[in-house]
Amino acid sequence: MGLVLLSEYNKSGLKQGHVVAKAKRRFQHIFSHDIAVDLGTANTLVSLNGYGIVINEPSVVATNRKTKKVIAIGTEAKKMVGRTPRSIIAAQPLVDGVVSDFEVTEHMLKHFVDTIHKKHRVMVSRPRMIVGLPYGVTEVEKRAVEEASKSAGARKIWLIEEPVAAAIGSGMDIQEERGGMVVDIGGGTTEIAVLAGGRIIAAKSLRIAGDEMTEAVSDFIRDEYNLLIGERTAEKVKIELGQVGSSKNIKTMKVRGRNLLTGLPQEIKISSEAIRKPLSAQIKPIIEAIKTVVEETPPELISDIMERGVVVTGGGALIDGIDKLIKQEVQMKVVIPDNALTAVVEGAAEALKNPKEYNRILMVSEK
């Protein structure tokens with residue numbers, strides 16, 4: 001039917017340029033989807049060109065200890081953490097933002113790509129892909145991500161450092177000469193960078209972030225209340241009660257675990273005020289790292305940052321009072337964007353739309 005109509009258009013002498021262009025765009029829409037990935041220690045987010053963020057799941061894979069067979073990935077695997085027999089391991093294949101288990105990471109990436117194909121009926125089998133990485137990773141760590149992405153089906157791969165992606169995703173124009181500063185507090189790493197003129201001027205990657213905060217909460221409850229709790233429970237306490245600095249907004253919640261003295265189940269009530277100290281202890285080295293980067297930044301750019309504010313992204317940005325604490329310590333205003341949790345993947349997706357524009361800060365795999 002479409003061919004008949006096209007033929008009629010030919011006979012009538014009507015312009016067909018717009019018809020052909022529309023068909024071409026539709027063809028590209030089906031077969032040329034690019035994928036941006038925030039391959040985080042805690043969560044993996046995937047953005048599909050034309051659709052936005054289509055995957056936001058925990059970076060957890062459950063495998064059989066003996067056969068090495070993958071049993072569950074993402075949300076389903078996260079539900080199994082702390083609840084599996086010894087024959088099954090539910091763990092994160094990334095540690096401190098980098099690949100620690102290549103094969104499992106490959107399985108996870110391929111699973112997410114396959115999920116996109118099925119859910120959105122995207123028929124492309126070899127997309128272009130951009131993946132966010134912590135600042136300053138080694139060549140070996142870069143190669144591991146490239147190989148995992150290639151095995152997952154990518155035909156061309158770019159790598160982008162997470163603080164750069166977070167800056168782009170939060171709306172910062174990193175191409176202009178004005179300086180901007182971003183602090184991305186993720187699950188495995190905290191990324192701090194000052195950018196100007198499309199380049200990183202000063203930066204630091206700190207392997208203290210959300211996972212260490214969760215562990216600090218767990219350790220505090222164990223030491224203070226003799227109560228052993230699971231990782232998921234500690235993470236829930238951190239998210240619901242997490243506070244740093246001074247706050248009058250006191251919240252409480254009930255926590256269940258096993259009493260270390262009696263060996264029996266126990267329930268306690270804990271407040272946000274109680275866990276403020278262990279969380280603040282984890283934030284302290286992050287603030288010191290911010291100060292170090294500020295000291296390495298040229299004075300003219302400091303002036304720009306004071307005007308624009310320090311942009312804080314990642315899950316750590318949502319801890320109550322963190323903006324006020326950073327402002328107090330570094331004497332600059334702090335901005336937390338509405339998309340703090342998704343800034344990295346959104347920035348990576350934006351860079352992938354026009355890689356030539358961001359060629360100074362993109363790393364491309366020649367394979």
Side-chain angles (χ1 to χ4, degrees), residues 38-45 56 58-59 92 94-98 132-135 161-167 169-170 172 181-194 203-220 231-232 234-247 249 251 272 275-294 309-330 332-347:
D38 176 8
L39 194 60
T41 304
N43 293 282
T44 293
L45 286 79
N56 186 353
S59 302
Q92 297 166 305
L94 292 104
V95 176
D96 295 332
V98 296
L133 289 177
Y135 172 78
E161 288 166 315
E162 289 170 356
V164 177
S170 63
M172 188 185 298
M181 186 174 194
V182 63
V183 179
D184 181 59
I185 308 174
T189 64
T190 294
E191 309 291 320
I192 306 161
V194 172
K204 191 173 182 64
S205 180
L206 198 65
R207 308 226 164 168
I208 297 176
D211 287 351
E212 283 71 24
M213 295 178 197
T214 299
E215 186 177 346
V217 168
S218 179
D219 291 347
F220 172 78
E231 179 184 332
R232 292 178 63 196
E235 185 177 25
K236 186 177 180 181
V237 172
K238 178 190 70 177
I239 293 171
E240 294 190 15
L241 300 184
Q243 286 182 354
V244 292
S246 59
S247 176
N249 182 26
K251 295 177 286 187
S272 54
I275 66 165
R276 194 178 298 163
K277 185 176 180 180
L279 283 181
S280 296
Q282 298 300 313
I283 297 296
K284 186 176 180 180
I286 293 175
I287 290 177
E288 291 303 315
I290 296 173
K291 290 179 179 179
T292 298
V293 173
V294 169
V310 177
V311 178
V312 182
T313 62
L318 304 185
I319 294 176
D320 187 16
I322 195 167
D323 53 341
K324 295 177 182 177
L325 184 60
I326 294 175
K327 179 181 178 181
Q328 175 186 322
E329 293 291 331
V330 301
M332 290 190 285
K333 73 176 180 180
V334 174
V335 178
I336 298 178
D338 293 337
N339 66 335
L341 287 173
T342 58
V344 170
V345 73
E346 289 181 32

Trainee: Nearest 0.5 Å, please: how far is CZ in Phe220 from CG in Leu279?
Mentor: 9.5 Å
Trainee: Which atoms form the tightest heavy-atom contact between Asp211 and Ala42, and what is the distance?
Mentor: OD1-CB, 4.4 Å
Trainee: If I compare all heavy atoms of Ala209 with all of Gly187, which pair ends up nearest, and what's the gap?
Mentor: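 Shortest heavy-atom separation between Ala209 and Gly187 comes out as CB-O, 3.6 Å.
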Trainee: Report the residues that fulfil side-chain contact (heavy atoms from CB on, under 4.5 Å) with Ile283, sequence neighbours left out, ordered by chain and then residue number.
Mentor: Met213, Val244, Ile286, Ile287, Ile322, Leu325
Trainee: Just verifying a value: how many Å separate Tyr135 OH and Glu162 CD, rounded to the nearest 0.5 Å?
Mentor: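 Answer for the OH-CD pair, Tyr135 versus Glu162, is 13.5 Å.
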Trainee: Under the side-chain hydrogen bond (donor to acceptor under 3.5 Å, both in side chains) test, which residues partner Asn339, sequence neighbours left out?
Mentor: Glu346
Trainee: Heavy atoms only: give me the nearest Leu94-Gly40 pair and the separation to one decimal.
Mentor: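 In this case the closest contact between Leu94 and Gly40 is CD1-O, 4.0 Å.
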Trainee: Do you know the tightest heavy-atom contact between Ser170 and Pro337?
Mentor: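 Minimum heavy-atom separation between Ser170 and Pro337: CB-CG, 4.0 Å.
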Trainee: Near Asp338 CG, under 6.0 Å, is it more than 12 heavy atoms from other residues, nucleotides or ligands?
Mentor: no
Trainee: Between Ile326 and Ile290, is any pair of side-chain heavy atoms under 4.5 Å apart?
Mentor: yes
Trainee: Evaluate the side chain to side chain contact (heavy atoms under 4.5 Å, CB included) criterion for residues Ile185 and Val183: first the C-alpha distance (whole Å), next the side-chain angles of each, then the deciding distance (0.1 Å), finally the verdict.
Mentor: CA-CA 6 Å; Ile185 308 174; Val183 179; 4.0 Å; yes
Trainee: Could you give me the CA-CA distance, side-chain angles and deciding distance for Lys333 and Val310, then say whether side chain to side chain contact (heavy atoms under 4.5 Å, CB included) is met?
Mentor: CA-CA 6 Å; Lys333 73 176 180 180; Val310 177; over 6 Å; no
Trainee: Any side chain to side chain donor-acceptor pair (under 3.5 Å) pairs touching residues 310-320, not counting sequence neighbours?
Mentor: Asp184-Thr313, Gln243-Asp320
Trainee: Applying side-chain contact (heavy atoms from CB on, under 4.5 Å), name anything that partners Lys277, two or more places apart in sequence or on another chain.
Mentor: none
Trainee: Using the rule given for side chain to side chain contact (heavy atoms under 4.5 Å, CB included), can you reason through Met172 versus Val311, listing the C-alpha separation, both sets of side-chain angles and the distance that settles it, and then say yes or no?
Mentor: CA-CA 9 Å; Met172 188 185 298; Val311 178; 3.9 Å; yes
Trainee: Can you name the side-chain hydrogen bond (donor to acceptor under 3.5 Å, both in side chains) partners of Glu231, sequence neighbours left out?
Mentor: none
Trainee: Going by side chain to side chain donor-acceptor pair (under 3.5 Å), name the pairs with one or both residues in residues 280-292, residues two or more places apart or in two chains.
Mentor: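 Listed by first then second residue: Lys291-Glu329.
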Trainee: Can you name the residues that form a side-chain contact (heavy atoms from CB on, under 4.5 Å) with Glu240, not counting sequence neighbours?
Mentor: Lys236, Met253
Trainee: For Lys204 versus Ala289, what's the shortest heavy-atom pair and its separation?
Mentor: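 The answer is CD-CB, 3.8 Å.
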Trainee: Can you name the closest pair of heavy atoms from Ala340 and Ala317 and give their distance?
Mentor: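 Minimum heavy-atom separation between Ala340 and Ala317: CB-CB, 4.2 Å.
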Trainee: Roughly how far apart are Leu45 CG and Asn56 CG, rounded to 0.5 Å?
Mentor: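 Output value for this atom pair is 4.0 Å.
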Trainee: Keeping Thr41 on the side-chain end and Val95 on the backbone end, is there a donor-acceptor pair under 3.5 Å?
Mentor: no
Trainee: Going by side-chain hydrogen bond (donor to acceptor under 3.5 Å, both in side chains), name the residues that satisfy it together with Thr190, two or more places apart in sequence or in a different chain.
Mentor: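 side-chain hydrogen bond (donor to acceptor under 3.5 Å, both in side chains) check on Thr190 returns nothing, list empty.
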Trainee: Tell me, please, which residues at least two apart from Thr214 pass side-chain contact (heavy atoms from CB on, under 4.5 Å).
Mentor: Ala234, Glu235, Lys238
Trainee: The criterion is side-chain hydrogen bond (donor to acceptor under 3.5 Å, both in side chains); which residues satisfy it with Glu191, sequence neighbours excluded?
Mentor: Thr189, Ser205
Trainee: Apply the test side chain to side chain contact (heavy atoms under 4.5 Å, CB included) to residues Val312 and Val335: give CA-CA distance (whole Å), side-chain angles for both, the deciding distance (0.1 Å), then the verdict.
Mentor: CA-CA 6 Å; Val312 182; Val335 178; over 6 Å; no
